[in-house]
Amino acid sequence: MQLSYLNEPSVLYNIQCRYNQDMIYTKAGPVLVAINPFKKVSLYGNDYIEAYKLKSIESPHVYAITDTAIREMVRDEVNQSIIISGESGAGKTETAKIAMQYLAALGGGSGIEYEILKTNPILEAFGNAKTLRNDNSSRFGKLIEIHFSETGKISGANIQTFLLEKSRVVQCTEGERSYHIFYQLCAGVPTDLREKLNLRSADEYKYLRQSNCYSITGVNDAEQFRIVVEALDVVHISKEDQQSVFAMLAAVLWLGNISFTVIDNENHVEAVTDEGLFNVAKLVGCDIEELKLALSTRTMRVGNDNIVQKLTLSQAIDTRDALAKSIYACLFEWLVEQINKSLAVGKRRTGRSISILDIYGFESFDRNSFEQFCINYANERLQQHFNRHLFKLEQEEYIQDGIDWTKVDFEDNQDCLSLFEKKPLGLLSLLDEESTFPNGTDLTFANKLKQHLNSNSCFRGERGKAFSVCHYAGEVTYDTTGFLEKNRDLLHLDSIQLLSSCSCRLPQIFASSMLAQSEKPVAGPLYKAGGADSQKLSVATKFKGQLFLLMQRLESTTPHFIRCIKPNNLQSPKLYEQGLVLQQLRCCGVLEVVRISRSGFPTRMSHQKFARRYGFLLLENVAYQDPLSVSVAILHQFNILPEMYQVGYTKLFFRTGQIGVLEDTRNRTLHGILRVQSCFRGHRARCYLKELKRGIATLQSFVRGDKTRKEYAVTLQRQRAAIVMQKRMKGRIAKKKLRSINDASIVIQSVIRGWLVRRCSGDVGLLKSGDMKANESDEVLVKSSFLAELQRRVLKAEAALREKEEENDILHQRLQQYESRWSEYELKMRSMEEVWQKQMRSLQSSLSIAKKSLAIDDSERNSDASVNASDDRDYSSDMGSSDKRVESNGLRPMSASLSVISRLAEEFEQRSQVFGDDAKFLVEVKSGQVDASLNPDRELRRLKQMFEAWKKDYGSRLRETKVILHKLGSEDGNAVKRKWWGRRNSSRIN
């Protein structure tokens, strides 16, 4: 979306509209504004990377900014930088990872890109923590410089860190957490390593239980620890060094559990020999007594003598906490150094690089301390770099296009920077000076600031220990409590010597690093009293030096700015707080970009694009003119004042709001065009829909009719098949039953005949052998009774068989009667059809005869009329008019008769078709081809009666018509003859 009017409300509204549509990226001039959605959005992945690589998507995106940086690096051979800023929770870390992901995708191939991406879990674990505003807040700034080879592939990288928040190691606010790695270590360390380090759960360490917060919703610390260990393997940190790193972390945790006991009346203390002290000595590899002395005493050198001073409880606690913070800070720096060694470029360096700066944004809280002081100072430096670059780009474009350009002054923040950096009366100089005084306190520092800086317009003293600074983003009030202690950040020589005497390698490296820093020259007076034998650069001075080096590096690159915005403090998606967003836009300098753009020519457009966009608004047709002429014609037509625009070589430059008139007219015209198009397209669509519906209905009717006919044919075929099957099955059953009865009859007959034969043969045997025994006679009697029963059953079966044969004969007779009746019926139907056809032919012949006679009469009348017309050409006008009336009267009955004959012919065709169809249908019903619930015989008789009645009526009407036509013909002929003879006689008489 391009805004015609640039102001705070339009920018704020535009960002909100895009945010509500999950379009979290907005381009404000050279700045990309990224709104944290607090949810996953589908704007990333290989498909989007490929699309932005091929320029098929032009919407604002981190990918687009990174792609521009790569292309400009290759084209101009100039190093690029991507500066990401924003307050805690705005999404800076995720944005940096997205940019690195795109760089790895485009410049990958050597394998080093995988190592670069794996540095993110390590730096997040050791440098990020949960705060009240963000669950993964970066507590340090970092610059990742990615180097490229001549072929455009990634060849290495280097990481630089700024201002780690060491105080978080020993002190946490309620609801926050210390650095992630402590909780990940307690949750995910393997069992054998846990026993070796004597690790406990997180709630057993004083440093971690101060805030009563041990976990983050949706985060698995054990799984995150596994990812960190995997990343350490990728960046080539050995297992031995990894165990040493975990030992240092455990030592820091156990340092917090060391307690002290008072040993005299002066409140001097010594460390209690308990589990905490024992574990610390074991983990760092030092003697337990030396550790007790380093924590409870301080050695001061006075002349050539060393004096040992016992510490009070508060001093001992500060010494313990300082040792814990120093170990963790040195461990963090050592890890970054090892990562840089793994990512080293070496001989592959080409000088081309893209730097990604992920640094803290402007901060203003209810209570602002030393950390906010340094952070806001860094943002002042970055804002000045931002303004200078912005004006440089503006001025270069104006000069390149050859327009009249007067340099526009802007509100520079140099006064605020001078307040910080001026010597000897700047904030940083006075802070370092007060930090070196033995009796310097936070209150004396605040009073010194009020004494020397009250005349500065950017400074205002407050009551007590507070003071206010007018930054570019607004006024911030700082509380000086803890300023001096945090700026000194001293670790006494006793603690450094303790680390150097340890048997473990890492504490020795830490001690050497701290001793090397203490040997650097320090400007100004040195404070060597009070046991602070080891001096080093103050935190503010060191940070200032790092910042100057950073600015020098950025000045040599082409910057690309990304401003991350947090839409709400609840970390809730779809919630947009306008006041909070507006404050961040001001702090990030986005609205400053708008203001700077408004002071010059913020709207610019090429001649071709301007002519293409607004050319159709011209009243005259200038389609064949060049784009510049079309553009000038548009400007003249809309009466845009000359001082409101400039015509360059390739572009048109407009003051703020001038393009709005053209845009409004264009929108109204397009709206009208779209309205007409929508109405016409709607009409076409509705017509097409109606036609489509009619076609669909017709098609459906045809399809359904065809489907119904097919289903009916199938049903009819099935019915006929079922009848045939039933007939055959019944016949087969009857045959089978008859066959079984026949077989049974034969069996019975054979049995009876055998019995009769045996009976006869038995009687003969009885006659021959009369001397048989009594028991044999009894057996014969039994057999005779059994055979009698069988004979009775045989007689009954024969009677039943005769009855079935009689029934079968009767059925055969009925079947023959039905067949004879059916043949007679078919003969009758054929004879009836022949009679109907004869009658129809007779009617047709009579009708054709009537037509022919009528045509003959008509031709005779026409011939007579032609004769009369040839004889009477010389008659007068009144006679001619009377003849015409007579002829017209004679033609009327002829036309009426023709219409009657045509109606009779049509009636004949229709009724013959109807009677033929009805007769055919009744024949099909009678033959069984069509299933219908009616009596075909009765319907056939009724149809015959109707045909006879119609035939009689039609014949009478035809005869009447013939008589009428004959009469009309004879009358017309006589009349014509009489008139003709009358005219002939009158002509003769005359």
Side-chain angles (χ1 to χ4, degrees), residues 118 121-130 168-170 172 177-259 271-288 291 320-321 323-325 327-332 334-335 338 499 502-507 509-510:
K118 280 298 182 180
I122 301 174
L123 295 177
E124 287 185 17
F126 285 86
N128 289 23
K130 179 185 183 303
R168 184 167 291 272
V169 176
V170 299
C172 288
R177 290 205 323 177
S178 185
Y179 291 102
H180 294 323
I181 189 61
F182 292 122
Y183 305 91
Q184 295 170 3
L185 180 69
C186 294
V189 69
T191 305
D192 54 346
L193 185 58
R194 178 183 295 274
E195 294 176 355
K196 183 177 179 180
L197 302 179
N198 199 15
L199 272 176
R200 306 289 178 80
S201 59
D203 56 357
E204 295 188 38
Y205 295 105
K206 292 181 181 179
Y207 282 161
L208 303 183
R209 66 168 177 255
Q210 299 177 72
S211 61
N212 293 322
C213 181
Y214 305 103
S215 62
I216 301 175
T217 304
V219 177
N220 186 346
D221 288 324
E223 178 63 21
Q224 293 300 316
F225 181 78
R226 186 193 62 79
I227 295 174
V228 171
V229 172
E230 179 183 344
L232 291 173
D233 293 334
V234 172
V235 297
H236 306 104
I237 296 179
S238 64
K239 291 295 184 181
E240 182 181 356
D241 286 341
Q242 291 182 29
Q243 291 188 4
S244 298
V245 169
F246 300 147
M248 292 301 102
L249 294 173
V252 170
L253 292 178
W254 282 114
L255 270 172
N257 285 12
I258 294 178
S259 57
V272 178
T273 306
D274 56 3
E275 185 182 20
L277 190 68
F278 176 78
N279 286 326
V280 172
K282 176 184 176 183
L283 292 170
V284 300
C286 68
D287 184 71
I288 190 170
L291 179 59
R320 178 199 67 185
D321 293 345
L323 179 60
K325 292 188 292 183
I327 292 175
Y328 189 82
C330 291
L331 177 63
F332 185 76
W334 179 84
L335 277 173
Q338 299 304 309
L499 294 177
C502 293
S503 59
C504 295
R505 188 170 67 91
L506 284 183
I509 295 174
F510 299 162

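No hydrogens, no waters, no symmetry mates; every other heavy atom, side chains included, goes into these values. No experiment lies behind these values; they were computed from the predicted model shown.
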Could you check L232, D241, L123 and say which one makes a side-chain contact (heavy atoms from CB on, under 4.5 Å) with L335?
L232

Considering only heavy atoms from C-beta outward, does the side chain of C186 approach that of L253 to under 4.5 Å?
yes

Side chains of V245 and L331: does their closest heavy-atom pair fall under 4.5 Å?
yes

On a heavy-atom basis, the closest approach of Y183 and S178 is OH-N, 3.0 Å

When rounded to the nearest 0.5 angstrom, what distance separates CG in N257 from CG in N279?
9.0 Å

K196, NZ atom: more than 12 neighbouring heavy atoms under 6.0 Å:
no

Give a yes or no on whether the backbone of L208 and the side-chain of R177 come within a donor-acceptor separation of less than 3.5 Å.
no

SG-CG distance between C502 and D287, expressed to the nearest 0.5 angstrom
10.0 Å

Within the 4.5 Å heavy-atom criterion, are H180 and V219 side-chain neighbours or not?
no

Of all residues at least two apart in sequence or in a different chain, which pass the ring pair (Phe, Tyr, Trp, His ring centres under 6.0 Å) check with Y207?
none

Does CZ in F278 sit with more than 12 non-hydrogen atoms of other residues, nucleotides or ligands closer than 6.0 Å?
no

I509: what forms a side-chain contact (heavy atoms from CB on, under 4.5 Å) with it, not counting sequence neighbours?
W334, R505, L506

With sequence neighbours excluded, what pairs up with E204 under the side-chain contact (heavy atoms from CB on, under 4.5 Å) test?
R200, S201

If you round to the nearest 0.5 Å, how far is CD of Q243 from OG of S238?
9.0 Å

Flag the pair Y205 / L199 as yes when at least one side-chain heavy-atom distance between them is below 4.5 Å, and no otherwise.
yes

Least distance between heavy atoms, V280 atom then A251 atom
CG2-O, 3.7 Å

Can you find a pair of side-chain heavy atoms, one from Q224 and one from P121, that are under 4.5 Å apart?
no

Where do L185 and L249 come nearest, in terms of heavy atoms and distance?
CD2-CB, 3.8 Å

Those residues at least two apart in sequence (or on a different chain) that pass side chain to side chain donor-acceptor pair (under 3.5 Å) with S259 are none

Hits for ring pair (Phe, Tyr, Trp, His ring centres under 6.0 Å) against F182, two or more places apart or cross-chain, chain-then-number order -> Y328

Using modelled atom types only, decide if a donor and an acceptor are shared between the side chain of Q210 and the backbone of V170 within a distance under 3.5 Å.
yes

Side-chain contact test, heavy atoms from C-beta onward, threshold under 4.5 Å: evaluate it for K282 versus I288 and give yes or no.
no

Roughly how far, to the nearest 0.5 Å, is CD of Q184 from CZ of F246?
9.5 Å

Nearest 0.5 Å, what's the SG-CZ distance between C330 and F332?
12.0 Å

Working for side-chain contact (heavy atoms from CB on, under 4.5 Å), residues V252 and K325
CA-CA 8 Å; V252 170; K325 292 188 292 183; over 6 Å; no

Would you name the heavy atoms of F126 and V228 that are closest together and state the gap between them?
CE1-CG1, 4.5 Å

Partner set under side-chain contact (heavy atoms from CB on, under 4.5 Å) for S215, not counting sequence neighbours:
none

Correct closest heavy-atom pair for L291 and C286 would be CB-SG, 4.1 Å

Less than 4.5 Å apart, side chain to side chain, heavy atoms only: is that true for V169 and I327?
no

Q242 to D233 - nearest heavy-atom pair and separation:
NE2-OD1, 2.6 Å

Rounded distance (nearest 0.5 Å) linking atom CG of L193 with atom CG of N198:
11.5 Å

Using atom types as modelled and distance alone, determine if a side-chain donor or acceptor of R168 lies under 3.5 Å from a backbone N or O of A129.
no

